[in-house]
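Here the structure is a predicted model, which means the values were calculated and not measured.
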Amino acid sequence: MDTIRELYYGNINPSERDINPDSENDRLEKLVLRHEAQLQKILNESEAEIFGKLKDVWAELNCLNERDCFINGFRLGVRLTVESLLTE
């Protein structure tokens with residue numbers, strides 16, 4: 001029950017993850033940041049504002065997708081657990 005309690009009180013963030021240096025995630029994140037910095041240098045103020053809005057919407061969409069993946073994974077885990085307990 002401690003995990004459920006910790007989750008309830010917000011001490012566990014299911015979408016939080018560590019990115020190991022030199023991992024594929026780390027490499028891609030650095031690549032995105034590098035391209036973003038290059039793009040910011042050439043955009044005028046209006047274009048930069050639109051790009052900022054695009055990033056905000058993309059981040060919101062990404063959060064929704066992460067939430068849905070967490071829910072689906074959790075449900076699958078529960079189904080597997082129930083199935084393993086009901087089969088002999």
Side-chain angles (χ1 to χ4, degrees):
M1 282 296 198
D2 287 337
T3 303
I4 294 172
R5 191 172 285 115
E6 292 296 312
L7 184 62
Y8 174 80
Y9 286 114
N11 297 328
I12 297 175
N13 182 350
S15 64
E16 192 175 88
R17 60 183 164 71
D18 292 328
I19 297 178
N20 296 324
D22 301 321
S23 68
E24 186 71 7
N25 282 352
D26 182 51
R27 184 185 72 77
L28 291 172
E29 194 170 290
K30 287 176 181 173
L31 188 60
V32 166
L33 292 173
R34 188 180 77 206
H35 289 315
E36 180 182 343
Q38 290 173 339
L39 189 56
Q40 290 286 3
K41 289 178 186 178
I42 62 172
L43 296 177
N44 64 37
E45 188 176 323
S46 173
E47 293 166 334
E49 184 178 338
I50 293 169
F51 181 61
K53 290 177 182 179
L54 174 67
K55 288 189 330 179
D56 291 344
V57 172
W58 188 256
E60 188 175 343
L61 179 61
N62 193 36
C63 286
L64 292 175
N65 287 331
E66 283 185 14
R67 182 203 61 198
D68 291 344
C69 287
F70 173 78
I71 291 169
N72 291 334
F74 188 85
R75 287 177 176 160
L76 176 60
V78 169
R79 283 196 310 263
L80 290 169
T81 302
V82 169
E83 186 176 311
S84 70
L85 294 172
L86 294 178
T87 58
E88 293 179 30

Quick one: does [X]'s side chain get under 4.5 Å of [Y]'s, heavy atoms only?
{"X": "Asp26", "Y": "Asn20", "answer": "no"}
{"X": "Arg79", "Y": "Val82", "answer": "no"}
{"X": "Leu64", "Y": "Arg67", "answer": "yes"}

For this session: Taking all non-hydrogen atoms of both residues into account, name the closest pair between Thr3 and Ile12 and its distance.
Result: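 Looks like O-CD1, 3.7 Å.
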How many angstroms lie between atom [atom1] of [X] and atom [atom2] of [Y], to the nearest 0.5 angstrom?
{"X": "Gln38", "Y": "His35", "atom1": "CD", "atom2": "NE2", "value": "6.5 Å"}
{"X": "Asn65", "Y": "Leu61", "atom1": "CG", "atom2": "CG", "value": "4.5 Å"}
{"X": "Ile4", "Y": "Tyr9", "atom1": "CD1", "atom2": "OH", "value": "12.5 Å"}
{"X": "Asp68", "Y": "Cys63", "atom1": "CG", "atom2": "SG", "value": "11.0 Å"}
{"X": "Gln40", "Y": "Leu33", "atom1": "CD", "atom2": "CG", "value": "11.5 Å"}
{"X": "Leu43", "Y": "Phe51", "atom1": "CG", "atom2": "CZ", "value": "7.0 Å"}

Exercise. Taking NZ, NE, NH1 and NH2 as the nitrogens, is one of them in Asp56 or Lys53 under 4.0 Å from a carboxylate oxygen of the other?
Worked result: no
For this session: Look at atom CG of Asn11 and say whether more than 12 heavy atoms of other residues, nucleotides or ligands are closer to it than 6.0 Å.
Result: yes
